[in-house]
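Order of listing sets the numbers, starting from 1, for every ligand and every atom in it.
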Amino acid sequence: MIKSSFFIEKLRENGIDCFAGVPDSLLKNICAYITDHCDAEHNIIAANEGAAVGLAAGHYLATGQPACVYMQNSGEGNIINPLASLTDPEVYNIPVLLLIGWRGRPGVHDEPQHVKQGKVTTGLLNVMGINYDVLSKEEDKAEKQIAQAIEALKRKEVYALVIEKDTFDNYTLINNQSPITLNLSREEAIQTVAAALGEKDCIVSTTGMISRELFEYRAAMHQGHERDFLTVGSMGHASQIALGIAMVKPDRKVWCFDGDGAAIMHMGSMAIVASKAPKNYIHVVFNNGAHDSVGGQPTVGLNIDLPAVAKAVGYPKTYSVSTKEELEKALASITQNLSPITTSPILLEIKVKKGNRKDLGRPTTTPVQNKEALMDFLKG
Ligand SMILES: Cc1ncc(C[n+]2csc(CCOP(=O)(O)OP(=O)(O)O)c2C)c(N)n1
């Protein structure tokens, strides 16, 4: 395995000292190292991967030095547009070093949402005309590959280093403190909200542990999973899936269980929820100020006023709670408000602490089974 310090120092020696990206479980060690060893001007945890390419372009325009954009291969979709219309040689010709975690690599077992993306990871780079290498796990070989990447950047190319599982040595995040002390766990908050739902209500839950904790709650309660759409991939889009359902099923209450990282990733979608003014929509954001599911790297979630954002884009009612008592009170008020429905969409921010149960499982049903069960449920 390669030491994160070795990799980052090699980049720094070659003038690459600015990083931007969205963290990834497979890049957990290197992302944690960057978080601990780069100041806020030199590591920008971006809203989404496309935004990180924008930041890298801005850095290059101002310094003449390429930046490094790190991401999970799920983020390739988000970077295609800036790669095609910003950094491409036929447009502005801006060099960027991409560090791409290769989930779902063919031949390596992974979760269903990573299988297709894993198959097309290098093909997408080929189609975009981006040269790449799969980084070796041996430092002497990796050093040569980094040198090759640097040469490509000097030719003003975008160049990718694709990272397999277990490439970087173990590194644990030191700067792991939340800006505020919180006691409620995300799992308990999820259970509390799920328990307050009506029989016909449905939930669209976001990518990562939120969906896994919801799945386990249903199993523990001996309930089926048909009321929940688990958005295992497509990070940041749960609120729009929920909106799509809410708009054609006005007699159902639709709850979006979002994360702060996911809500921020495509924050503009909140304005669309508000503009459609569904009378049956509750947007719950479990805000731990972190990308907890992939290693706990910080988001700006706890530094911004999320209810004020929601209010500003047109949510008529918002709540912000951080204890179980406050949550139960808010839920009582919301469920009362919703029967009959008066003020909606509603934003419920629940500030929760980071961390998860170590034995947390994964959904045991397939995404297609999940979809079919939900569609049947929505017909009823
Ligand atoms: C487009 C995209 N980028 C990155 C990821 C990797 N990823 C999965 S979950 C997650 C963190 C989600 O954070 P948040 O929404 O705040 O929820 P939390 O894990 O903190 O509960 C990330 C970055 C992804 N699945 N898709």
Check: [X] N/O within less than 3.5 Å of ligand 1 N/O:
X      : answer
Asp260 : yes
Asp292 : yes
Ile210 : no
Asn78  : no
Pro23  : no

Counting C-beta onward and ignoring hydrogens, is there a side-chain heavy-atom pair between Tyr70 and Glu49 closer than 4.5 Å?
no
Please state which protein non-hydrogen atom is closest to [atom] and give its distance, to 0.1 Å?
atom                    : value
atom 10 (C) of ligand 1 : Met235 SD, 3.7 Å
atom 15 (O) of ligand 1 : Ala262 N, 2.9 Å
atom 2 (C) of ligand 1  : Glu49 OE2, 3.5 Å
atom 20 (O) of ligand 1 : Ala290 O, 2.8 Å
atom 11 (C) of ligand 1 : His291 ND1, 3.5 Å
atom 9 (S) of ligand 1  : Ser293 CB, 3.8 Å
atom 17 (O) of ligand 1 : Gly259 CA, 4.0 Å

Please could you name the atoms of ligand 1 that Gly261 approaches to less than 4.0 Å, counting only its heavy atoms?
14 (P), 15 (O), 16 (O)
Short N-O contact, [X] and [Y], less than 4.0 angstrom:
X      : Y      : value
Asp228 : Arg218 : yes
Asp166 : Lys137 : no
Glu326 : Lys329 : no
Asp251 : Lys200 : yes
Arg103 : Glu111 : no

[X] contact mode with ligand 1 (heavy-atom cut-off under 4.0 Å):
X      : result
Arg186 : side chain
Lys354 : neither
Gln72  : side chain

Is Lys317 positioned over the aromatic face of Tyr319, cation under 6.0 angstrom from the ring centre and no more than 45 degrees off axis?
yes
Just checking, Arg12 and Phe7: is the charged tip under 6.0 Å from the six-membered ring centre and within 45° of the axis?
no
Just going by heavy-atom distances, which of Val22, Thr299, Val294, Asn356 is nearest to atom 8 (C) of ligand 1?
Val294
What verdict does the ring-ring contact (aromatic ring centres under 6.0 Å, His included) test give for Phe257 and Phe286, after you've listed the backbone C-alpha separation in whole Å, the side-chain angles of each residue and the deciding distance to 0.1 Å?
CA-CA 7 Å; Phe257 279 18; Phe286 298 91; 5.3 Å; yes
